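Written below as structure tokens is the structure these notes are about.
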Amino acid sequence: MLKKKIIFLVGPTAIGKSAIAIHLAKKINAEIISCDSMQVYGSMDIVTSQPSWPQRKKIKHHLLSVIDPVKEYNVARYRKDAMSICNKLFLRNKIPLFVGGTGLYYSIIIDGLFPSVPEDKLIRARIYKQLSLKGNKYLHRKLAKVDPLSAKKIHPNDTRRIIRALEVYMKTGLPISILQKNRVGLGNEYEIKIFALNTDRQALYNKIDQRVNKMFSSGLIKDVRRLLKHKLSKTATCAIGIRELEGYFNGEHSLDEAKRLIQVNSRHYAKRQLTWFRKDKRIEWVNIKKKETPGEVAKRIYKFLSSFVKE
RNA sequence: GCCGAGAUAGCUCAGUGGUAGAGCGCGGCCCUGAAAAGGCCGGCGUGGGGGGUCCGAUUCCCUCUCUCGGCA
């Protein structure tokens, strides 16, 4: 029996994934599933740099603008949503082409998520209270007692992960480090290819600056001002551009400073993305050459996997 | 032109007679229900140029160059 094929196209922010993905999708009869933790949110098109409507008309895109920004979203929901779309695409003989920059999301699709409990707001509130009362070292020691493995792995300052580990332990009575070993990925049924786009660092940073400029000229300020009228979820608020502009609106800093911060934070983000991808040895790296068009890059990738998709 | 202040990391600036730090930036890394988040590590340097004093100068002295104030 033929294995089901799934293709991933990842890369740092602003590298040009969307345009390349559309060219590629056309060549291989694919539909695009966004793999981006922020582009799932609707009415945030400009801050999250979603593919334009003309682009979305060319190739069907999934998981863009599907959640209200006042709602929370997370990996587990993403996996569920994405896998369900994936299966529908298989029924229609379409290849799922995952495109995006969220490292955790694509790896969760491939490698699976350990079965566990969702966030429990009450428990978290209790742990947060302990955190403010007794400090992070206390929580870390507490974790060390019930789950020494995790405590060793998680730095005492990384309170988010300490809290998550404690939460899981409190709900299940089992250490998260044990549960985490139990993940079910795509396995043998599927055949996957992962491509990561990159270019030299300075060129990437120039692209990021350009993108930020473009965001501003397409009405970022107005957009964020409108968004801030609602109580955005803690996840949606994380989109780069929201807090920086909020600081400007509140008079904490100038507009120029807000823009500078958006650029800096985007660079840092891109750097972290690259660190994540580098670690994944399954990735085929595609280095974009100077002046190479999206179509040309897509062609190179297509050549690389033509035997893969024709089998 | 005169007087004063200054010239130290990519930037803003500390500090010291025994060849230097901090914040930001920059680089590297970690990551399983907030992941565009969160966390960890790394100084990346001809101390403006040239002399002098001293065992030893980034630090003290002289001089030149430049920058910023003030007076002309």
Side-chain angles (χ1 to χ4, degrees), chain A residues 10-15 17 34-41 44 46-50 67 69 71-81 100-121 123-124 128 131 136 139-140 149-150 152-168 171-172 175-185 201-202 204-205 208 211-212 215 224 232-244 253 257 260-280:
Chain A
V10 300
T13 186
I15 190 105
K17 295 182 286 294
S34 165
C35 186
D36 188 299
S37 63
M38 291 300 153
Q39 293 186 355
V40 291
Y41 286 113
M44 288 178 59
I46 299 176
V47 230
T48 61
S49 300
Q50 293 194 20
I67 306 292
K71 298 245 168 72
E72 303 293 349
Y73 198 76
N74 59 46
V75 225
R77 289 195 58 186
Y78 177 75
R79 181 171 158 82
K80 203 173 149 231
D81 294 344
T102 305
L104 179 64
Y105 280 19
Y106 91 77
S107 76
I108 285 289
I109 294 292
I110 299 173
D111 303 316
L113 188 70
F114 77 96
S116 177
V117 290
E119 168 183 359
D120 183 317
K121 288 204 165 137
I123 287 187
R124 280 201 192 179
Y128 267 107
L131 173 65
N136 59 325
L139 287 188
H140 194 255
L149 238 74
S150 293
K152 207 178 158 191
K153 209 172 118 190
I154 304 172
H155 192 277
N157 290 347
D158 200 350
T159 50
R160 279 210 196 159
R161 290 202 168 75
I162 296 175
I163 289 169
R164 171 63 180 157
L166 286 171
E167 173 187 56
V168 168
K171 294 281 277 193
T172 64
I176 194 171
S177 56
I178 302 295
L179 294 168
Q180 278 173 344
K181 291 186 176 138
N182 196 3
R183 64 201 300 203
V184 182
R201 196 57 68 90
Q202 195 47 55
L204 175 62
Y205 286 177
I208 288 175
R211 163 165 292 183
V212 174
M215 282 159 70
V224 173
L232 299 180
S233 66
K234 72 176 182 224
T235 28
T237 314
C238 288
I240 295 172
I242 305 270
R243 292 208 177 98
E244 294 85 347
H253 49 243
E257 178 64 2
R260 211 204 97 235
L261 287 173
I262 292 173
Q263 287 170 333
V264 169
N265 291 336
S266 299
R267 285 202 290 277
H268 291 171
Y269 170 46
K271 217 166 90 64
R272 270 180 278 129
Q273 287 177 300
L274 286 167
T275 299
W276 181 290
F277 301 142
R278 252 181 246 130
K279 194 185 49 177
D280 192 336

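Note that the structure is predicted; figures quoted are calculated from it, not measured.
- The side chain to side chain donor-acceptor pair (under 3.5 Å) test applied to A:Glu244 returns A:Asn265, not counting sequence neighbours.
- Because its NZ or CZ atom is not both nearer than 6.0 Å to the ring centre of A:Phe114 and within 45° of the ring axis, A:Arg183 does not count as a cation-pi partner of that residue.
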I'd like a list of close polar pairs between nucleotides 39-42 of chain B and the protein, N/O only, cut-off under 3.5 Å.
unit_1	atom_1	unit_2	atom_2	d
B:C40	OP1	A:Asn157	ND2	2.5

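- Residue A:Lys271 places its side chain closer to B:G27 than to any other of B:G25, B:A37, B:G27.
- With sequence neighbours left out, the ring-ring contact (aromatic ring centres under 6.0 Å, His included) criterion links A:Tyr105 to A:Tyr78.
- Checked against side chain to side chain donor-acceptor pair (under 3.5 Å), A:Asp280 has the following partners two or more places apart in sequence or in another chain: A:Tyr106, A:Arg282.
- Taking A:Lys181 as the reference, nothing meets the side chain to side chain donor-acceptor pair (under 3.5 Å) condition, with sequence neighbours excluded.
- Contact check, A:Lys279 against B:C31: a side-chain N or O comes under 4.0 Å of OP1 or OP2.
- Residue A:Asp36 is in base contact, counting any heavy-atom pair closer than 4.0 Å across all strands shown.
- As a whole-Å value, the separation of A:Leu113 CG from B:U32 P is 11 Å.
- Using a 4.0 Å heavy-atom distance criterion, A:Val47 is classed as a base contact.
- Remark: A:Ala165 engages A:Leu143, A:Ile154, A:Ile176 in a side chain to side chain contact (heavy atoms under 4.5 Å, CB included) (not counting sequence neighbours).
- One finds no salt bridge joining A:Glu119 and A:Lys171 here, because no Lys/Arg side-chain nitrogen approaches an Asp/Glu carboxylate oxygen to under 4.0 Å.
- The side chain of A:Arg201 contributes an N or O atom lying less than 4.0 Å from OP1 or OP2 of B:G27.
- Using a 4.0 Å heavy-atom distance criterion, A:Phe277 is classed as making no nucleic acid contact.
- Mapping A:Ser49 and A:Leu274 onto RNA chain B by nearest heavy atom places A:Leu274 at the nucleotide closer to the 5' end.
- Pairing partner, B:C40: B:G28, with both Watson-Crick or wobble hydrogen-bond distances short of 3.5 Å.
- A:Tyr73 comes within contact range of the sugar-phosphate backbone alone, with a heavy-atom separation under 4.0 Å but no base atom that close.
- A donor and an acceptor atom never sit less than 3.5 Å apart when one is taken from the side chain of A:Tyr105 and the other from the base of B:A34.
- As judged by a 4.0 angstrom heavy-atom cut-off over every strand, A:Arg183 is placed among the base-contacting residues.
- For B:U32, neither phosphate oxygen OP1 nor OP2 lies less than 4.0 angstrom from any side-chain nitrogen or oxygen of A:Tyr106.
- Contacts of A:Thr275 with the nucleic acid, taken as non-hydrogen atoms under 4.0 Å apart, include base atoms.
- Within the 4.0 angstrom heavy-atom criterion, no nucleotide atom of any strand lies near A:Gln273.
- Close to B:C26, at under 4.0 Å from its OP1 or OP2, lies a side-chain N or O of A:His268.
- A:Glu119 comes within contact range of the sugar-phosphate backbone alone, with a heavy-atom separation under 4.0 Å but no base atom that close.
- Within the nucleic acid shown, A:Thr237 has no heavy atom closer than 4.0 Å to any nucleic acid atom.
- At B:C31, none of the side-chain N or O atoms of A:Arg164 fall inside 4.0 Å of OP1 or OP2 (strictly under the cut-off).
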